[in-house]
> 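What follows is a structure written as structure tokens; I'll ask about it next.
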Amino acid sequence: MDVYEKIMALARRRGILYKSYAIYGGEAGFYDYGPIGSIMKNNIENEWRNFYIIKERFYEISTPSITPYDVLKASGHVDEFIDKIATCKKCGRSFKVEELKDGKCPICGGDVEHGEMNLMFETYIGAKKKDKAFLRPETAQGIFVDFPFLYEFFRKKIPFGVVQIGKGFRNEVSPRQGVLRLREFSMAEAEIFFHPENKRHENFEEYKDRKLRLLPAGMDEMEMRLEEAVKRGIIGNEALAYYMALTHEFLTKVGIDENKIRFRQHEKDELAHYANDCWDAEIFMQRFGWVECVGIADRAAHDLMAHMKATGVNMYASGEKKVKRKKIKPKMDKIGKEFKAKAMKVKESLEKGVVKNGKVEIELDGEKIELDEQFFEVEEVEEQEKYIPHVIEPSYGIDRIFYAVLEHNYKEMKKEGENYVVLSIPPSIAAIKAGVFPLVAKDGLPEIAKEIEAELRKNRIMAFYDEKGSIGRRYARMDEIGTPFCITVDYQTKDDDTVTIRFRDTTEQIRIERNAIVKWIEERIK
RNA sequence: GCGGGCGUGAUCUAGCUGGUUAGGAUAUGAGCCUUCCAAGCUCAAUGCCCGGGUUCGAAUCCCGGCGCCCGCACCA
């Protein structure tokens, strides 16, 4: 049994993960988070919120999973998200259509069968199934289409960021590897809008000396200070570098092993249809090697531009600078006389035209004509600079991070010949913060322990009371789900109102005053 | 999607040359015991992935489906 199998067995046994629809035989690509797993996942997501909402001052929104056809047509997903697959009838191999040689199998020359795969789940809106729609492949589009409102909300100040945590859906060809490749998965995405020429981050200073393990496209792995990486153009801009550092900090905070994180830049031909540049945070997992868990992409103006083109809605932001511009003012009295009914068309083309040698060339009904200065005058105007903001997008696969947290904190040891499992996750991520036990279930000890458990819960601390079995067994159960502390009420408690607190990772115990418990725990689970 | 292997209580597994009370271990629940690390004793619940076929009779043989694992392909 490798670690993966051990972890999935533990997850199953302790209510962390279940295979979905198991009683119907299961469905590939879907997993349930059980009672303990759900809390842990929420804790990870809340830690993420702590970074992006509290620290970065962004806001979270929540938009629908079902997305109308037009939106994803505009974003490019309808066309780009299709994989055209050809399968050879002779040797059975599958290829991308571009790989075929003269329409035949590139390996054996056999005839091929064409198939198409769009990775989006299709659905319909309304009873008549008239309007085609998709389950969103990413949460990002919901943010982009709200840009005009959000820009207003942030009082037209750029940069600003908006985040969303939610489900994304991709109809994977063959999902395997448990929770690492799901058809329905949780993602946490931040869309940060920048001026195209100013992708700096005001807090870059904080991370500029941090060294990250980098794997730039076409280069060897290196470890480099972020400031230097930006200066040397290895990382395209400060904002990308900043969010790489933030990602690194977040991952280690939730319990990922720092030595198992690296940042790999996408090769040009590997980039998504919407991305200019992209760095993945990859996490090392024993069975699967380096796995992409976070993508930090520079999406440039791709999405806002696409939605503006499709809807005509203005996606411009106005800059602080004023720009001087030469503006062509058509002379309508002349144009009207000359072009009659076509005058409006001429005016429109002329306004968009460029002056060359005192003339402007325009196209009228497919015909090129030149207009000289009797039809227009040139005026110098001062306008507010306007631009379509660029987007930097850190996008986190929560389920993959969740699994990595389990794996990196799974500790197995021998205890009197038996395998003993401890999940050494950070206390902030643990589902249950404290187990509360009477040393033995008699002589009034259970009553005291129950009071302590209730008091912890009153203070919003997830505590768990247990009096069954031997004390060792109760500790062991808590260790397996990563409960960092166990509080035990013993006979001395009746004398002096103290309890023992036992540490998960060392099994050491200390004794503290009963009335100090809540504060003591609170301080250690942040 | 292609090829190969596999599928027995919650978990690991015995049984698999067809014969019926499907066995064990661990875990779980109840009780007893227990003054700090999965101790012990008693009892209990949970199973042959699903469907079809062959047969007097299928966990066992055959076919299909689903799932899992490995390789190929795919993975914005």
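Fair warning: this is a prediction, and the values are worked out from it, not measured in the lab. Order of the sequence lines sets the chain letters (A, B, ...), proteins ahead of strands, with each chain counted from 1.
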> Report yes if a donor N or O on one partner sits less than 3.5 Å from an acceptor N or O on the other, where the partners are the side chain of A/Tyr24 and the base of B/C66; otherwise report no.
no
> Ignoring hydrogens and angles, state whether a donor on the side chain of A/Tyr475 or A/Thr507 is under 3.5 Å from an acceptor on the partner side chain.
no
> Taking atom C1' of B/C68 as reference, at what distance in whole Å does atom OH of A/Tyr31 sit?
9 Å
> Anything under 3.5 Å between a protein N or O and an N or O of nucleotides 25-29 of chain B, put it in a table, one pair a line.
unit_1 : atom_1 : unit_2   : atom_2 : d
B/U28  : OP1    : A/Arg477 : NH1    : 2.6
B/U28  : OP2    : A/Arg473 : NH1    : 2.6

> Which residue lies toward the 5' end of RNA chain B, A/Asp443 or A/Arg176, if each is placed at its nearest nucleotide?
A/Asp443
> Can you tell me how far P of B/C74 sits from CD of A/Glu292, to the nearest Å?
16 Å
> Using both distances under 3.5 Å as the test, list the Watson-Crick or G-U wobble partner of B/U11, or none.
B/A25
> Give the residues of residues 488-499 of chain A touching RNA chain B, defined as any heavy atom closer than 4.0 Å, sorted by residue number.
A/Thr488, A/Asp490, A/Tyr491
> Under 4.0 Å between any heavy atoms, over every strand shown, what does A/Tyr420 touch: base, sugar-phosphate, or nothing? Just pick one.
base
> Which part of the nucleic acid, if any, lies within reach of A/Ala441 when heavy atoms closer than 4.0 Å are counted: base, sugar-phosphate only, or nothing?
base
> Show the nearest heavy-atom pair for residues A/His408 and A/Gly255, with the distance to one decimal.
CB-O, 3.9 Å
> With a 3.5 Å limit on both atom pairs, tell me what B/C6 is paired to, counting Watson-Crick and G-U wobble, or say none.
B/G67
> In whole angstrom, what separates A/Arg504's CZ from B/C37's C1'?
16 Å
> Are A/Asp490 and A/Thr488 linked by a side-chain donor-acceptor pair shorter than 3.5 Å?
no
> Choose from B/A39, B/U35, B/C36 the nucleotide whose nearest atom is closest to any side-chain atom of A/Lys442.
B/U35
> Considering Watson-Crick and G-U wobble pairs with both distances under 3.5 Å, what does B/U54 pair with?
none
> What's the closest nucleotide to the A/Ala28 side chain, out of B/G67, B/U35, B/A38?
B/G67
> Pick base, sugar-phosphate or nothing for A/Phe503, based on heavy-atom distances below 4.0 Å to the nucleic acid.
nothing
> Is it true that atom CG of A/Asp220 has more than 12 heavy atoms of other residues, nucleotides or ligands lying nearer than 6.0 Å?
no
> Rounded to whole angstrom, note down the P distance from B/C62 over to B/G4.
15 Å
> Less than 6.0 angstrom separating the ring centers of A/Phe485 and A/Trp520, yes or no?
yes
> Please report the distance separating the C1' of B/C33 from the corresponding atom of B/G51, rounded so that it comes out in whole Å.
50 Å
> Scan every strand shown for a Watson-Crick or G-U wobble partner of B/A30, both distances under 3.5 Å, and answer none if you come up empty.
B/U42
> If you draw a 6.0 Å radius around NZ in A/Lys411, do more than 12 non-hydrogen atoms from other residues or ligands fall strictly inside?
yes
> Enumerate, atom names and distances included, each donor-acceptor pair closer than 3.5 Å involving a side-chain atom of residues 283-296 of chain A, sequence neighbours excluded.
unit_1   : atom_1 : unit_2 : atom_2 : d
A/Arg287 : NE     : A/Asp2 : OD2    : 3.4
A/Arg287 : NH1    : A/Asp2 : OD1    : 3.2
A/Arg287 : NH1    : A/Asp2 : OD2    : 3.3

> Taking all non-hydrogen atoms of both residues, which atom of A/Asn237 and which atom of A/Asp298 are closest, and how far apart?
ND2-OD2, 3.5 Å
> Just call it for A/Arg502: base, sugar-phosphate, or nothing, with non-hydrogen atoms closer than 4.0 Å on any strand.
base
> Starting at the 5' end of RNA chain B, which residue's closest nucleotide do you reach first, A/Glu467 or A/His77?
A/Glu467
> For a quick check of understanding: with a heavy-atom distance under 4.0 Å over all strands, which category does A/Pro175 fall into, base, sugar-phosphate or nothing?
nothing
> With rounding to the closest Å, how many angstrom separate the P atoms on B/U20 and B/G65?
32 Å
> Before we go on, tell me: are the rings of A/Tyr33 and A/Phe402 under 6.0 Å apart, centre to centre?
yes
> Is the phosphate of B/C37, meaning OP1 or OP2, less than 4.0 Å from a side-chain N or O of A/Thr507?
no
> Could you give the distance separating B/U54 and B/A27 at their P atoms, to the nearest angstrom?
45 Å
> Which atom names give the shortest non-hydrogen contact between A/Tyr21 and A/Asp32, and what distance separates them?
N-OD2, 4.5 Å
> Compute whether any side-chain donor of one residue and acceptor of the other, for A/Thr67 and A/Gln141, lie under 3.5 angstrom apart.
no
> Need the pair for B/A59. Rule: Watson-Crick or G-U wobble, both distances under 3.5 Å, any strand; none if unpaired.
none
> Expressed in angstrom and rounded to an integer, what is the separation of A/Tyr475 atom OH from B/A39 atom P?
14 Å
> If we take the P atom in both B/G5 and B/G64, what is their distance in whole Å?
13 Å
> Would you find more than 12 non-hydrogen atoms of other residues, nucleotides or ligands less than 6.0 Å from A/Lys309 atom NZ?
no
> Please give the distance between the C1' atoms of B/G31 and B/A22 as a whole number of Å.
29 Å
> Rounded to whole Å, how long is the line connecting atom CD1 of A/Ile16 with atom P of B/U11?
15 Å
> Taking atom P of B/C75 as reference, at what distance in whole Å does atom NE2 of A/His266 sit?
12 Å
> On a whole-Å scale, what distance lies between the P atoms belonging to B/U60 and B/G52?
13 Å
> Applying a 3.5 Å limit to both distances, which nucleotide forms a Watson-Crick or G-U wobble pair with B/G1?
B/C72
> Any donor-acceptor pair, under 3.5 Å, between the side chain of A/Glu172 and the base of B/C75, if you only look at N and O atoms?
no
> Take the protein atom CG of A/Leu10 and the nucleotide atom P of B/C12, then report the distance between them rounded to whole Å.
13 Å
> A/Leu119 CG to B/G1 C1': how many Å, rounded?
13 Å
> Among B/C70, B/U35, B/C74, which nucleotide has an atom closest to any side-chain atom of A/Arg181?
B/C74
> With the threshold set at 4.0 Å, does a side-chain nitrogen-carboxylate oxygen contact exist between A/Arg183 and A/Glu172?
no
> Using a cut-off of strictly less than 4.0 Å, decide whether A/Lys19 has a side-chain nitrogen or oxygen near OP1 or OP2 of B/G67.
no
> Could you tell me how far B/C48 sits from B/G7 if I compare only their C1' atoms? Round to whole Å.
10 Å
